[in-house]
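Order of listing sets the numbers, starting from 1, for every ligand and every atom in it. Worth saying up front: this structure is predicted, and the values here are computed from it rather than measured.
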Amino acid sequence: MIYLDSAATTAVRRDVLEAMWPYLTGDFGNPSSHHGLGESAAAALADARGRIAAVLGCRASEVVFTSGGTEGDNLAIKGIALASPRGRHIVTTTIEHQAVLEACDYLVRFHGFEVARLGVDADGLVDLDEVAEAIRPDTTLVTVMYANNEVGSIQPIGQIVAIAHELGVPVHTDAVQAAGALDLDVTRLGVDAMTISGHKLGAPKGVGALFVRGRIPLEPLMHGGGQERGRRSGTENVAGAVGLATALELATRAIDPSLVQTRDRLIAAVLGTVPGARLTGHPSARLPGNASFTFAGTSGEAVLLELERRGILCSSGSACAAGSDEPSHVLLAMGLDPALAQTAVRFTIADGLSPAELDEVTDAVRDSVAAVQQLTW
Ligand code: PLP
């Protein structure tokens with residue numbers, strides 16, 4: 001089996017599991033307990049927070065542990081918007097993950113917010129002039145994803161931050177797909193809030209972190225025991241936090257420069273051998289491990305099944321919109337015809353591909369697409 005769906009999730013790395021193990025077994029204390037076992041858990045949590053802060057280039061107090069990307073996005077958007085709004089207006093894009101889109105919709109439905117959803121060009125990039133034009137005196141937050149989960153396009157976050165800050169508006173970015181692949185230093189990026197999720201980087205599902213700049217007020221979504229300085233109540237997932245810190249350090253340390261070459265070789269091989277193949281997303285400003293295509297005259301879901309029969313696991317777009325038959329909102333926003341958008345297939349590589357594997361994948365894609373094209377005709 002060749003697993004090319006790392007944007008959906010990754011296996012827990014052995015080093016990560018080993019780092020977590022003590023806090024799932026002998027050292028199982030509650031960090032709020034006033035005894036040795038509790039203090040040991042609190043120390044592990046503090047250490048994990050410090051290590052994540054070191055990767056993000058922020059203060060440890062600016063890291064809030066969450067249950068993952070969905071919670072981080074919700075906490076950032078609702079939490080910042082509801083805490084001290086300059087007004088009830090948010091700027092975002094049409095290609096965000098559902099966690100962002102739905103959090104914004106919630107603010108519209110229940111709190112009277114208005115949302116400007118910026119379109120993207122054919123490569124999936126937002127227009128900086130449109131960002132500037134969309135910001136109003138009552139805009140309380142700009143939220144734009146760092147890199148797209150379906151097509152991999154990387155947004156010019158630093159420039160978006162410069163525009164928003166000039167107008168006094170904080171910026172959140174969903175860095176769930178960027179984490180482990182791109183620079184996450186929040187000082188260099190300038191963002192005020194950033195979401196990451198463990199299971200995209202070799203940590204378990206159900207743990208993540210939200211960076212929120214110290215001076216940004218944040219209304220909590222979870223009320224209770226006041227953990228995480230009152231920003232996220234609930235007994236902390238100590239082992240998860242340790243796993244996230246370890247995975248983030250390993251992924252950041254081991255950003256593999258050859259992944260871009262592997263990706264580009266796969267893109268070239270598929271475009272060169274598969275009739276009707278077309279790349280989606282930006283040709284170069286894209287995540288190092290993302291190769292995504294449309295295959296005219298097929299159905300993406302049918303191609304996936306054919307690929308799986310040949311031992312290749314990938315995705316028809318976003319695994320997060322589970323069970324949805326709708327064409328991808330991202331591809332539609334990029335101007336693709338809905339029928340073509342239904343033919344999308346995404347390959348996401350985490351650990352490289354040997355030349356033999358690259359050939360195997362290319363052959364499987366060519367044969368799978370041909371098999372489905374025959375069925376469709
Ligand atoms: N944001 C993006 C860009 C994602 O790709 C995902 C998951 O695929 C999420 C948010 C949600 O993260 P989680 O699965 O940790 O809730």
Side-chain angles (χ1 to χ4, degrees), residues 3-12 16 52 64-79 92-106 120 124-126 143-155 157 171-182 184 189 191 193-211 221-222 232 234 237 240-241 243-244 247-248 251 280-282 286-290 292 313-324 328-331 333-334 344 346-350:
Y3 183 74
L4 296 179
D5 204 10
S6 61
T9 198
T10 59
V12 177
V16 170
I52 291 171
V64 182
F65 285 111
T66 65
S67 64
T70 301
E71 184 185 335
D73 286 342
N74 273 267
L75 179 55
I77 295 166
K78 297 177 191 169
T92 186
T93 79
T94 44
I95 61 159
E96 299 296 311
H97 188 270
Q98 280 76 10
V100 168
L101 296 174
E102 296 286 323
C104 290
D105 279 352
Y106 164 84
V120 291
L125 296 189
V126 295
T143 173
V144 175
M145 71 198 320
Y146 194 169
N148 183 263
N149 45 308
E150 295 188 30
V151 297
S153 300
I154 300 169
Q155 303 298 338
I157 292 297
V171 177
H172 163 253
T173 192
D174 174 339
V176 168
Q177 294 292 340
L182 305 178
L184 288 188
L189 287 170
V191 291
M194 183 166 78
T195 305
I196 62 170
S197 173
H199 73 105
K200 313 290 185 180
L201 317 149
K205 297 162 188 61
V207 66
L210 175 67
F211 154 74
L221 304 183
M222 292 292 186
R232 202 277 186 182
N237 177 359
L244 178 64
L248 189 63
T280 55
H282 196 281
R286 65 188 299 133
L287 285 170
N290 178 299
S292 48
L313 298 189
C314 55
S315 149
S316 61
S318 162
C320 308
S324 159
S328 142
H329 69 284
V330 175
L331 297 177
M334 288 163 57
R346 173 189 76 180
F347 303 90
T348 44
I349 316 159

- Task: Answer whether the closest heavy-atom distance between the side chains of I77 and H172 falls below 4.5 Å.
- Result: yes
- Query: Heavy-atom contacts under 4.0 Å between H199 and ligand 1: side chain, backbone, both, or neither?
  - Reply: side chain
- Task: Please determine if G69 has a nitrogen or oxygen closer than 3.5 Å to a nitrogen or oxygen of ligand 1.
- Result: yes
- Residue pair N149 / K200, side-chain heavy-atom distance below 4.5 Å: no
- Message: Any nitrogen or oxygen of E71, side chain or backbone, less than 3.5 Å from one on ligand 1?
- Response: no
- Query: Any idea which atoms of ligand 1 are less than 4.0 Å away from a heavy-atom of S197?
  - Reply: 13 (P), 15 (O)
- Message: T173: which residues meet the side chain to side chain donor-acceptor pair (under 3.5 Å) condition with it, sequence neighbours left out?
- Response: none
- Message: For a side-chain hydrogen bond (donor to acceptor under 3.5 Å, both in side chains) check, start with the C-alpha distance between T143 and T92, then their side-chain angles and the critical distance, and finish with the verdict.
- Response: CA-CA 5 Å; T143 173; T92 186; 4.8 Å; no
- Query: Side chain, backbone, both or neither: which part of D73 has a heavy atom under 4.0 Å from ligand 1?
  - Reply: side chain
- Sequence neighbours excluded, which residues qualify as salt bridge (Lys or Arg N to Asp or Glu O under 4.0 Å) partners of R286? none
- Are any non-hydrogen side-chain atoms of Y146 and T195 less than 4.5 angstrom apart? no
- Message: I need the contact type for D174 against ligand 1. Using non-hydrogen atoms and a strict under-4.0 Å cut-off, is it side chain, backbone, both or neither?
- Response: side chain
- Query: Which of the atoms of ligand 1 are close to G68, meaning less than 4.0 Å from one of its heavy atoms?
  - Reply: 15 (O)
- Using non-hydrogen atoms of the residue, decide whether K200 is closer than 4.0 angstrom to ligand 1. yes
- Query: Are any of the side-chain heavy atoms of H97 and Q177 separated by less than 4.5 Å?
  - Reply: no
- Message: Taking 4.0 Å as the limit for heavy-atom contacts, which would you say applies to A99 with ligand 1: side chain only, backbone only, both, or neither?
- Response: neither
